[in-house]
Amino acid sequence: MSQVDPGNSPQPIQKVTGRLTRPVTASRARQNNLAQRTFFIFTLLPVLLILIVTVALLFRSWPIFNAYPLKDLLFGQVWKPNDGLFGFRPFILGTFWVTAVGVVLAVPACILVSIYLAEYAHNKTRSIAKPVLDLLAAIPPVVYGVWGLLAIVPFVDKVLAPLSGRWLDSVSIFAVNQPTGFGILSAGIVLAVMIAPLIISVMFEIFSTVPNDLRHASLAVGATQWQTIRNIILPQVGPGIIAAVVLGASRALGETIAVLMVVGNIPQIPTSIFDSAYPLPALIANNYGEMMSIPLYDAALLSAALVLLAVILIFNILSMLVIQRMLRRKWAS
Amino acid sequence: MDAHIQVKNLNVHYGKQQALKNINIDIPKNQITVIMGPSGCGKTTLLKTFNRFLELTDGTQITGEVLLDGQNIYDRDVDVTEVRKVVGLLAQRPSPLPMSIYDNIAYGMHIHKMKRDRKEYKAAVRHYLEIAGLWEEVHKRLHDPATSLSIGQQQRLCLARGLAVEPEIILGDEPTSALDPISSQNIESRLLDLKDQYTTVIVTHTLRQAKRLADYVIYMYLGEVIEAGPAKEVFSNPQHERTKAYLEGQI
Amino acid sequence: MGFLKKKRWQRRHLMEAFMKFIMQVSLVFVAGALGLILWIIVVRGLPALSWDMVTKIPEGGYYMGKGGGILNAILGSLYLASGGTLLAMLFSIPIAMYLKTYLGDSKWGRYVRLSLDVLWGIPSIVYGAFGFTLMIALGIRASLLAGILVLALIELPIMTRAMDEVIRRMPVDLEHAALALGSTKFEVALRVVTRQMLPGITTAILLGFGRGIGDAASVLFTAGYTDRIPTSLMRPTASLPLAVFFQLGSPYPEVQQRGYAAALILTVIVLAVSLGSRWLSARLNKYTIK
């Protein structure tokens, strides 16, 4: 299909004028041509949209890039818009910590679940797991936030923080400095559940690209299923697994409402997973109302959105390229 | 007859559809048994009950017994990987593992920890490549990827890989159907060379191949065994009308 | 005899059992998370749920615990999500059809799919910020229209890719048969593909709607919030996610309770839509050639 240029190529069918066929008249061919062109313009839309969003944000945040060097913005420690200080460092680090904790918590479970669904589970288990994952993916962020507020924050505050205080207090990233429950760990747990359905479904797809012949070749010499997975399947899907993780991370990076509700929103440089943080999306969401009143404030916030967008675009494009390539391999064979 | 595999009252269902109907046969030790019949008659299904590959497909139900030296391989406390070690499979399409030629042969031996050190593995890899008639062709590039071999070479590699775990039985699921005539002939002669040491069961779709290889023949039709017996007798004097029709090329 | 017996103490068998066990535990964990979320939302939301909640708009002093409901947010969300879905559909159907009939797996097709996937990955806060810059540029204030526009942007890639995936599974034979009967590609697209696309379109609509109705970060910037039910596209409108969000931020426990109830309402709508799409696409699939 792909090598034929469909719309314009003269169709051999034209010559056939049996009773059952309608000849392709000039007007119908014209209609086909016109439709093709209109349709084509539509497909430009997604590509253009990415560009337009990026350019619009760049345009609006230009004043702040003009006023301050990029280095000061990205690595500046102090955020005091009233005094003209726009240091993103605490927010960038906050985003990084929250995402990292979410990904670290989600990935092992996601790998195990996707292996189980792809390699072990019966069709029946799969047909139950699929809707469960769909529902998890369908739950709105704000509901995740409510859940985090009602279940995870108290859990971290009452259970995890005391535990960590007793056993791991000397390790700085587990130190409990601000015992409220609101913080990076709570946000990370909520994020882990939010990104799990996406990571699992991508990994599942990746696993199913491995041809059955390879599984059978390994099982036929008497390997156990885990030996087959470990020795044959995992080495085949490595890039796809990494891509799925990166994709999950990019979702976590941009998550706003759910994180904002449980992360504490204190602009500081976090040192422990029990610390509060203030990720970039939360910064944007919390301050949109007042940003028009202070000079450069809106440009600063929109530049935060731009930074976020740039990182996410890179993550997304790289991981989707890998995933699409791996999935095509399945179509080809 | 010294039966190596005995099949007793074997029934296989794929969902609601019955694929094998009440199979009762014996497969002789250290001979080549050929299962033949028109496509869709259940010959591959029968073959795959011998190494418990059928259960890899969701929704198959298997009842009855397959006895290997008198022990039912479907017993609850039987180790399926042990069954597959004893019963090797040569698949329809060659399926080299995505690793080097050397590692392909060593794979099964590693899995079962059959050798003690590198030297023993090396010697064993060489031994089985020689048996498969591949050593001369590949000994200078043992660490090239196995996929760089020709299809015919790949199939011999798969044979060597199967033999390396020291099975007693070799199953062949139309093992030459993807190969060119010369490679097919090569595989066939390997199987003939090996038949004194291994019980071999081959599914084939070509009558001529059956005649070249078979010591013992099973003819199947629509999920049932119509006729089974020594090749000479079945080919020269089939007892059943259906078998006769098949041998005469009517089916 | 007994040479095939299982040696359970063998390391590889222990490993097999262990790995399988922790995989099942992980699966239970993930499913358990869903159960836990639903349970908490129901348990905390149900007590505050009342008939007034879903039939009245906020009355005076509502945000200090007095009477009223969040009908403004429920209707606002329905308007926003329906409008967004409708608008996104206008663009996603032609794109999905073009992808199928003209592009297939060609290079340009791949670029379009990639860009859709990338759009899908852009977080709603960025769409919100983008919408906000557009509103400033066009001089529009926070309004139903602006909210619909941004939601349409968010839903477009989701809906298009959902349709694309469904249509992709459509058998090529049917299409070739139609071509062989002398139809042009466009006629194929219009007749055959449209009929086959029906399950894809319904799935996409419900998926897009579900995503649209739950999104908070984008409407925060663009749709505003008001206690009134919007009467025109240019008026601001409340939405359910923001109703949850704002009420939870209140210092009054009664208002927080209502926030939980609002979360329950939102969850019920979203789950109904998700389960509905599953059920519908299973039904519709019966009537199309697979």
Side-chain angles (χ1 to χ4, degrees), chain A residues 1-2 6-7 13 21-22 24 28 31-32 35-36 39 42-43 45-47 49-50 53 56-57 60 109 112-113 115-116 120 131-132 134-136 138-143 146-147 150-151 193 196 224-227 250 254 256-257 281 284-285 288 302 305 308-309 312-313 316-317 320 324, chain C residues 12 15-16 19-20 22-24 26-27 29-31 33-34 36-37 40-41 44 91 94-95 98 102 104-106 110-112 114-119 121-123 125-126 129-130 133 157 180-182 184-186 210 214 216-217 220-221 241 244-245 248 260 263 266-267 270-271 274 278:
Chain A
M1 282 221 13
S2 52
I13 314 130
T21 60
R22 287 201 288 158
V24 177
R28 283 170 66 225
Q31 178 194 38
N32 185 34
Q36 195 197 2
F39 274 145
F42 274 104
T43 64
L45 197 70
V47 186
L49 210 51
I50 298 175
V53 171
L57 290 179
R60 293 287 309 178
L112 289 170
V113 169
I115 292 179
Y116 186 76
Y120 287 91
V132 167
D134 282 354
L135 288 182
L136 267 181
I139 291 177
V142 74
V143 174
V146 173
W147 173 63
L150 291 176
V193 180
T224 63
Q225 242 177 317
W226 175 248
Q227 284 175 320
S250 80
T256 310
I257 292 288
I284 303 167
Y288 82 103
L302 291 172
L308 204 59
L309 176 69
I312 287 171
L313 279 184
N316 259 303
I317 292 174
M320 285 318 304
Q324 282 198 0
Chain C
R12 61 199 198 110
M15 193 64 185
E16 174 82 16
M19 290 315 295
K20 205 170 164 181
I22 61 170
M23 284 174 197
Q24 284 164 334
S26 307
L27 185 61
F29 239 80
V30 172
L34 176 68
L36 203 65
I37 294 168
I40 294 244
I41 297 294
R44 299 297 292 266
F91 293 92
I95 297 175
Y98 189 80
Y102 294 92
D105 269 337
S106 67
R110 260 182 248 155
Y111 285 140
V112 174
L114 177 69
S115 56
L116 285 167
D117 286 338
V118 169
L119 278 178
I122 295 178
I125 187 85
V126 171
F130 168 69
T133 64
L181 285 174
T184 63
K185 282 244 168 192
F186 176 61
L220 185 66
F221 285 93
V244 178
F245 183 58
L248 282 186
Y260 305 148
L266 179 59
T267 309
V270 167
L271 293 195
S274 173
R278 185 158 270 285

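Fair warning: this is a prediction, and the values are worked out from it, not measured in the lab.
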- Query: Are any non-hydrogen side-chain atoms of C:K20 and A:W226 less than 4.5 angstrom apart?
  - Reply: no
- At a heavy-atom separation under 4.5 Å, does A:L136 approach chain C through its side chain, its backbone, both, or neither? both
- Note on the structure: Sorted by chain and residue number, the side-chain hydrogen bond (donor to acceptor under 3.5 Å, both in side chains) partners of C:Y111 (sequence neighbours excluded) come out as none
- Query: What part of A:A285 lies closer than 4.5 angstrom to a heavy atom of chain C: side chain, backbone, both or neither?
  - Reply: both
- Task: Report yes if some heavy atom in the side chain of A:L112 is under 4.5 Å from a heavy atom in the side chain of C:M19; otherwise report no.
- Result: yes
- Message: Are C:I37 and A:V193 packed together at the side-chain level, in the sense that at least one heavy-atom pair is separated by less than 4.5 angstrom?
- Response: yes
- Task: Measure distances from A:T256 to the heavy atoms of chain C and classify the residue's part below 4.5 Å as side chain, backbone, both or neither.
- Result: side chain
- Message: Does any part of the side chain of A:P46, heavy atoms only, come nearer than 4.5 Å to the side chain of C:I95, both counted from C-beta?
- Response: yes
- Item | Region of A:L57 that comes under 4.5 Å of a non-hydrogen atom in chain C | side chain
- A:I312 portion near chain C, given a 4.5 angstrom heavy-atom threshold: side chain
- Task: Rounded to the nearest 0.5 Å, what's the gap from CG on C:D117 to CE on A:M320? Could you check?
- Result: 3.5 Å
- Query: Taking C:E16 for the side chain and A:Q225 for the main chain, is one N or O donor matched with an acceptor at less than 3.5 Å?
  - Reply: yes
- More than 12 foreign heavy atoms under 6.0 Å from CZ of C:F29: is that the case here? no
